[in-house]
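This report refers to the structure that appears directly beneath it.
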Amino acid sequence: MKLTIYDTLERKKREFEPKNPERVTLYVCGPTVYNYAHIGNARPVVVFDVLYRLLRHIYGEDHVVYARNITDVDDKINKKAMDEGVDISVITNKFADIYNADMAALNALPPTYQPRATDHMPDMVAMIEKLIERKAAYVTDDGEVLFRVADYDAGSGRYGKLSGRSLDDMIAGARVEVAENKDDAADFVLWKPSKRGEPVWPGPRNPETGDVLPGRPGWHIECSAMSEAVLTLPIDIHGGGQDLIFPHHTNEIAQSCATHGHDDPAAYARYWMHNGFLDMSGEKMSKSLGNVVLVHDLTQQYPGEVIRWALLSGHYRSPLNWTTELLEQSRKELDYLYGILLRHENVVAWAPSDEQTREKRESVLLSSLLDDLNISDAKARLFNLKGDEGIDLAHKLEHLANPNVDRTADAAEVAPTAASLVKHDLLLLAKVLGILQTDPEVWFKGGASDDLTAKVEALLVARTEARAAKNWAEADRIRDELNALNIEVMDSPTGATWKLKAGV
RNA sequence: GGCCUGAUGGCGGAGCGGUUACGCAGCGGAUUGCAAAUCCGUGUAGCCCGGUUCGACUCCGGGUCAGGCCUCCA
């Protein structure tokens, strides 16, 4: 199975070849934990979760190492901690826990490592000292340490390669005022003194005086230090939102390469992937527009899997318009798929025992995802699973297993085997997409309390009796009563089942 | 100002130089006591103007419009 991914650095699709197939590494920039995560924060988590699942399938679950950091040093955290008069850890622990719970609700697997900036201060300091030693960074009079961008770039264009800009373009287009302590406008902060009341860590040594510079790290250094500490370099895939291309990832590359004296950005990370943004009715989500949607609130209204499926409805690199309609459509799609699983629980999923045949089937099944995570195309497959090897009459599990479907004798004969194969394919593809992971029964009824369930079951018995007596008026009355309880009744030849209606 | 994306049917959203995307909704039929669910079938497309080609939604050029980044940001 060949995975192809669009590499931001090379601006084209490249076949993925890990440095070491026994230990494939993935690093994704995680949240700054000072508030509830909004739905935009969840997109990279879900997108890269699909990638993580796919890599685990290809290379084996124990051969993929995934790190997603927690940024717990930041001005916004400091402000919030000061406003509330608590230590920053009170804020960061609280929101890191909430974040993890919210992402788990979206069926995102926990990463192998979740390093926190505060746990890696010595790594950052060591890196900064190395950069000073190599003259790639300098100490200012007021105790800041800045990275020399122009020296790193050295006219090669490598600094702006990720964002597709030259250093000159960036300076020409810059709208920021140049801080007077900078030797050059493009230089960025590695370390800076803490303000009064802010947390302070012992920093790098000033080579001039030999003194330790107390303060706190700049934003970019943590990912460079932590990715190296946790994953070792080079990282195979580094991911994040498109907005991180510049400056965050650009500076990460510069720091990490300069630390080790590498010229080639690939010495830090071999492939760069960036997800597109979410639009809110055509507008960017922002606090000033008041259109921020929190994952935490959304999970109160929709199953996490619906939110996940909605986030996966477009290509990961394209903008995605986030609407209520999208959520409703996603719910219907999942209901349909879960309905198939519910109706055909007795069909045994079966994969061909022959290794080669199975491998071949799987690479066809997963081909959409293997092509730079084409989730839309994978979705089409999911809804229209094709049988092969002589099975050309019926395609869907429903069609194959539903006894009401008209079939020729030949098709009927092949149907049970085909259904088992199709069910296996369906479950496998769903697993990689991270959907259909709930018991179908629980999916439809899980939101009902025990009391409600008992009441519904009793009413259904009464209705069955009424129907048996052809007392249609009573049967319909009971159905209306169930409807009022937000219950949808589904009759079938084998008896009535029910589900909790959507939009609770 | 600099850099970069994208424009597909009522809606969401892919691939592809010539043949059905797929999903949601709609419509027709089957099934049902009636519904729902399910099954079968089905209509609707490719921003504008040029060019290349036997043939373009798909390639090239121009235009228009929309969005993103250049500042904290997924």
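Naming: A, B, ... by sequence-line order, numbering from 1 per chain.
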Query - Atom pair OH/CG of A:Tyr36 and A:Leu298 - distance to nearest 0.5 Å - result: 14.5 Å
Query - Rounded distance in Å - OH (A:Tyr316) to P (B:rG12) - result: 23 Å
Report summary line: Checking B:rG23, B:rA37, B:rA74 against the side chain of A:Arg343 (C-beta onward), the nearest is B:rA37
Query raised in the report: Of the nucleotides B:rG13, B:rA74, B:rG33, which has the atom closest to the A:His38 side chain?
Result: B:rA74
**Report entry** Among B:rC22, B:rA14, B:rG13, the nucleotide that comes nearest once only the side chain of A:Leu320 is considered
**Finding:** B:rG13
**Report entry** Check: A:Gln242 side chain, B:rG68 base, donor-acceptor under 3.5 Å
**Finding:** no
Query raised in the report: Between A:Glu325 and A:Met490, which is nearer to the 5' end of RNA chain B once each is assigned its nearest nucleotide?
Result: A:Glu325
Query - Touch class at under 4.0 angstrom, heavy-atom based, for A:Gly164 against every strand present - result: sugar-phosphate
Report task. Looking at every strand, decide which applies to A:Arg479 at a 4.0 Å heavy-atom threshold: base, sugar-phosphate, or nothing. Result -> base
Report summary line: Which of A:Trp191, A:Phe147, A:Phe246, A:Phe188 passes ring pair (Phe, Tyr, Trp, His ring centres under 6.0 Å) with A:His220? It is A:Phe188
Report task. When you get a sec, tell me which of B:rG13, B:rC72, B:rA25 is the closest nucleotide to the side chain of A:Lys332? Result -> B:rA25
Report task. Report which part of the nucleic acid A:Leu278 touches: base, sugar-phosphate, or nothing (heavy-atom distance under 4.0 Å, all strands). Result -> base
Query raised in the report: Partner of B:rG46 by Watson-Crick or G-U wobble geometry, both contacts under 3.5 Å, or none?
Result: none
**Report entry** Residue A:Ser376, side-chain atoms from C-beta onward, closest of B:rA74, B:rA37, B:rA14
**Finding:** B:rA14
Query raised in the report: How far, in whole Å, is B:rG55 from B:rG17 if one measures between their C1' atoms?
Result: 8 Å
Query - Residue A:Arg467, side-chain atoms from C-beta onward, closest of B:rA14, B:rC34, B:rC72 - result: B:rC34
Query raised in the report: Would A:Arg43 count as a cation-pi partner of A:Tyr316, with NZ or CZ less than 6.0 Å from the six-membered ring centre and within 45° of the ring normal?
Result: no
Query raised in the report: Does B:rG6 pair with anything, Watson-Crick or G-U wobble, both distances under 3.5 Å, and if so, with which nucleotide?
Result: B:rC65
Report summary line: As its Watson-Crick or G-U partner within any shown strand, both distances under 3.5 Å, B:rG28 has B:rC40
Query raised in the report: Are A:Tyr34 and A:Phe95 an aromatic pair by the rule of ring centers under 6.0 Å?
Result: no
Report task. For A:Gln329, report the nucleic acid contact type (base, sugar-phosphate, nothing); a contact means any heavy atom under 4.0 Å. Result -> base
Query raised in the report: If each of A:Gly240 and A:His315 is mapped to the nucleotide of RNA chain B with the nearest heavy atom, which maps nearer the 5' terminus, i.e. the 5' end?
Result: A:His315
Query raised in the report: Do the numbers put A:Arg68 on top of the ring of A:Phe48, so that NZ or CZ is under 6.0 Å from the six-membered ring centre and no more than 45° off the axis?
Result: no
Report task. Would you indicate which nucleotide in B:rA35, B:rC70, B:rG12 comes nearest to any side-chain atom of A:Arg463? Result -> B:rA35
Requested in this report: With heavy atoms under 4.0 Å as the rule, sort A:Asp476 into base, sugar-phosphate or nothing.
Outcome: base
Requested in this report: Please work out which of the three classes, parallel, tilted or perpendicular, describes the rings of A:Tyr268 and A:Trp272, given edges at 30° and 60°.
Outcome: tilted
Query raised in the report: Which part of the nucleic acid, if any, lies within reach of A:Asp491 when heavy atoms closer than 4.0 Å are counted: base, sugar-phosphate only, or nothing?
Result: base
Query - Integer-rounded Å distance: B:rU8 P and A:Asp377 CG - result: 19 Å
Query - Distance in angstrom units between A:Asp102 CG and B:rA74 P, rounded - result: 15 Å
Query - Nearest-angstrom distance, C1' atom, B:rG18 to B:rU58 - result: 11 Å
Query raised in the report: Side-chain N or O of A:Tyr336 less than 4.0 angstrom from OP1 or OP2 on B:rC39?
Result: yes
Query raised in the report: Taking a pair as Watson-Crick or G-U wobble with both distances under 3.5 Å, which nucleotide is matched to B:rC11?
Result: B:rG23
Query raised in the report: Could a donor-acceptor pair under 3.5 angstrom be found where the side chain of A:Arg165 meets the base of B:rC4?
Result: no
Requested in this report: With the side chain of A:Asn374 defined as its heavy atoms from C-beta on, choose the nearest nucleotide among B:rG23, B:rA14, B:rC70.
Outcome: B:rA14
**Report entry** A:Lys455 atom NZ, over 12 foreign heavy atoms within 6.0 Å
**Finding:** no
